[in-house]
Number of protein chains: 2
Amino acid sequence: MAKTAPPPDPDTSVRSGRRTGLDREDVVAAALDLVEREGAAALTMRALATDLGVGTPTIYWHVGSRDELVAAVIGLQADRLAEQEVVGRTARERVFSAARHIWSSSIEHRATTSLAHQTGTTSLLAHRLEAALVIELEAAGLTGQVAADAARAILMTVGGALVLALRDPAGYPAEYRPDALWADSDAPIDPATRAALCAHPDLDGISATMLQAVIDHYVPA
Amino acid sequence: MAKTAPPPDPDTSVRSGRRTGLDREDVVAAALDLVEREGAAALTMRALATDLGVGTPTIYWHVGSRDELVAAVIGLQADRLAEQEVVGRTARERVFSAARHIWSSSIEHRATTSLAHQTGTTSLLAHRLEAALVIELEAAGLTGQVAADAARAILMTVGGALVLALRDPAGYPAEYRPDALWADSDAPIDPATRAALCAHPDLDGISATMLQAVIDHYVPA
DNA sequence: ACCTGAACACCGTTCAAGT
DNA sequence: ACCTGAACACCGTTCAAGT
């Protein structure tokens with residue numbers, strides 16, 4: 001539903017000579033595509049330029065710098081996520097729905113989420129969904145500081161689960177992986193507990209449970 | 001209380017000629033010091049080599065690669081954090097104390113925490129304090145899956161607050177800062193709520209409140 | 001206004017060569 | 001065993017120059 005730019009003048013869209021008919025919008029979309037395809041680390045100015053068939057300085061002309069490009073990419077992704085519809089009949093159900101959208105879309109587009117995470121632009125990525133959350137909270141009767149606190153508490157719950165979900169065990173040496181740490185730990189811990197700590201956690205389930213608890217605490221039934 | 005290496009042979013400690021008397025331990029300690037002093041981004045192999053007065057390849061000889069160096073740095077910081085003592089009389093108080101250690105030390109050493117965050121080694125940084133948490137949970141009567149779930153829920157709560165606390169507003173363009181996003185947002189939100197969302201959140205307070213709620217949920221009184 | 005080739009100062013990493 | 005100088009292939013960024 002995002003407003004799409006009208007097609008450029010046919011004469012300039014014929015990419016003869018130096019004009020490529022490239023738009024800032026095109027550059028940002030290609031960057032997001034690159035991240036989703038090949039991961040956050042693959043987003044280099046040169047790789048993006050190659051994808052678009054232009055020289056590297058062209059990217060700079062359109063977006064200014066890599067930091068601005070990243071911000072624009074995260075912003076675009078945020079726009080796309082904002083299309084998701086909040087469902088549910090009760091206030092609690094609808095708040096839960098909005099919060100779960102943040103969780104599931106972050107997992108689904110984990111490369112982009114990681115990019116936001118690494119660059120500290122998470123608030124930008126979450127902002128639209130956060131707004132949806134606040135609207136539902138207000139519909140449930142919360143306003144002012146209480147609504148803001150509730151929104152933050154919910155965001156913290158989702159964000160905390162994402163920190164655990166998005167860390168890449170393949171990213172660092174094997175002896176530093178969580179399961180190896182617990183297996184090798186000399187802490188006086190019960191074997192059953194140790195086994196549970198080594199196992200792959202059900203983050204989706206824990207996250208949902210905590211989310212429900214936080215929402216029940218803030219939103220009246 | 002970490003075992004310190006005995007002083008090297010006096011003859012080799014005289015840094016004449018090629019021997020520098022440098023240890024892997026020294027390299028990692030200098031790297032951690034560099035991060036704490038100048039931030040996560042300042043940790044480059046060349047800067048570290050300059051700090052230590054050696055050539056860059058020397059760093060590689062001692063630590064292998066930058067990824068391994070980062071893992072070792074985070075591990076060293078984890079060891080230092082582990083010295084903090086858990087206090088409190090009741091089980092809930094002690095679990096709360098252990099969890100707050102994770103929060104406060106992460107804030108206090110935010111540069112190192114950011115480094116762990118960016119490189120996906122958070123689990124490594126938190127592991128020792130996590131172990132302390134599990135020990136207190138077991139002392140409170142939880143074992144196996146329940147203890148592991150409780151530990152994860154507590155970690156998620158702390159981690160979520162850290163995501164919000166550690167993002168650097170100066171890092172990206174002004175128009176993408178959280179307060180600007182809320183001020184410019186066209187979402188139908190009550191002015192009082194909007195103002196509360198623009199204001200600097202009391203993360204320390206929210207974090208403590210949520211932590212207490214999670215602990216009360218898992219740990220019997 | 002839009003785009004390029006060529007260069008700058010960085011980065012992680014390697015490797016033959018020294019002692 | 002430990003350390004170096006020099007190089008490699010990358011990176012973000014800039015800039016004079018083109019149309």
Side-chain angles (χ1 to χ4, degrees), chain A residues 5 8-28 30-31 34-35 38-73 115 118-121 171-173, chain B residues 5 8-28 30-31 34-35 38-73 115 118-121 171-173:
Chain A
D9 182 300
D11 284 335
T12 62
S13 75
V14 175
R15 312 198 173 191
S16 58
R18 41 183 253 282
R19 283 298 188 284
T20 61
L22 209 63
D23 207 345
R24 180 189 154 102
E25 215 171 305
D26 299 329
V27 173
V28 175
L34 177 58
V35 170
E38 304 182 26
L43 179 59
T44 70
M45 305 305 261
R46 280 177 236 272
L48 179 57
T50 303
D51 273 11
L52 289 166
V54 298
T56 314
T58 301
I59 308 294
Y60 284 86
W61 197 92
H62 283 293
V63 301
S65 73
R66 187 175 190 274
D67 280 353
E68 281 183 59
L69 174 62
V70 168
V73 165
L115 178 64
Q118 289 163 16
T119 56
T121 53
Y172 41 101
Chain B
D9 183 299
D11 285 335
T12 63
S13 75
V14 176
R15 310 195 173 191
S16 59
R18 41 184 253 282
R19 284 297 188 282
T20 61
L22 208 62
D23 206 343
R24 180 188 154 102
E25 215 171 307
D26 299 328
V27 173
V28 175
L34 178 57
V35 170
E38 303 182 27
L43 179 58
T44 69
M45 305 305 261
R46 280 176 235 270
L48 180 57
T50 302
D51 273 11
L52 289 165
V54 298
T56 314
T58 301
I59 308 294
Y60 284 86
W61 197 92
H62 283 293
V63 300
S65 73
R66 188 175 190 274
D67 280 353
E68 282 183 60
L69 173 63
V70 168
V73 165
L115 178 64
Q118 289 163 15
T119 55
T121 52
Y172 42 101

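In what follows, chains carry the letters A, B, and so on, assigned in the order in which the sequence lines appear, proteins first and then strands, with residues in each chain numbered from 1.
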Enquirer: Between C:dG12 atom C1' and B:L48 atom CG, what is the distance in whole Å?
Expert: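 Interatomic distance, CG of B:L48 to C1' of C:dG12: 13 Å.
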Enquirer: Roughly, in whole Å, what's the span from CH2 in A:W61 to P in D:dG12?
Expert: 21 Å
Enquirer: Please give, in whole Å, the distance from D:dA1 P to B:Y60 OH?
Expert: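 Distance, rounded to whole Å: 22 Å.
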Enquirer: How close or far is atom C1' of D:dC3 from atom CG of B:L22, stated in whole angstroms?
Expert: 10 Å
Enquirer: Nearest to the side chain of A:P57, which nucleotide is it out of D:dA7, C:dT4, D:dG5?
Expert: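 It is C:dT4.
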Enquirer: Could you state the atom-to-atom distance from CZ of A:R24 to C1' of C:dC3 in whole Å?
Expert: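 Interatomic distance, CZ of A:R24 to C1' of C:dC3: 18 Å.
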Enquirer: Please test B:L69 against B:L48 for side-chain contact (heavy atoms from CB on, under 4.5 Å), starting from the C-alpha separation and ending with a verdict.
Expert: CA-CA 11 Å; B:L69 173 63; B:L48 180 57; 3.6 Å; yes
Enquirer: Go through D:dT4, D:dG12, C:dC11 for me and flag the one nearest to the B:R46 side chain.
Expert: C:dC11
Enquirer: Taking only N and O in the side chain of B:H62, is any of them less than 4.0 Å away from OP1 or OP2 of D:dC3?
Expert: yes
Enquirer: Which base sits across from D:dA16 as a Watson-Crick or G-U pair, both distances under 3.5 Å?
Expert: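 Across any shown strand, D:dA16 pairs with C:dT4.
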Enquirer: Expressed as a whole number of angstroms, how long is the span from A:I59:CD1 to C:dG5:C1'?
Expert: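 Answer to the nearest Å: 16 Å.
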Enquirer: Scan B:T56 against the nucleic acid and name what it touches under 4.0 Å (heavy atoms): base, sugar-phosphate only, or nothing.
Expert: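 Touches a base.
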Enquirer: Output the distance between atom NE2 (B:H62) and atom CG (B:D26), rounded to the nearest 0.5 Å.
Expert: 8.0 Å
Enquirer: Please give, in whole Å, the distance from D:dA9 P to B:R66 CZ?
Expert: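 Value for this atom pair: 22 Å.
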Enquirer: Expressed as a whole number of angstroms, how long is the span from A:L69:CG to D:dT13:C1'?
Expert: 14 Å
Enquirer: A:A72 and A:R24: which non-hydrogen atoms are nearest, and at how many Å?
Expert: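 Smallest heavy-atom distance, with atoms named: CB-NH2, 3.7 Å.
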Enquirer: Quick check on DNA chain D: between A:T44 and A:G64, whose nearest nucleotide comes earlier from the 5' end?
Expert: A:T44
Enquirer: For C:dT4, does either OP1 or OP2 sit under 4.0 Å from a side-chain N or O belonging to A:T58?
Expert: yes
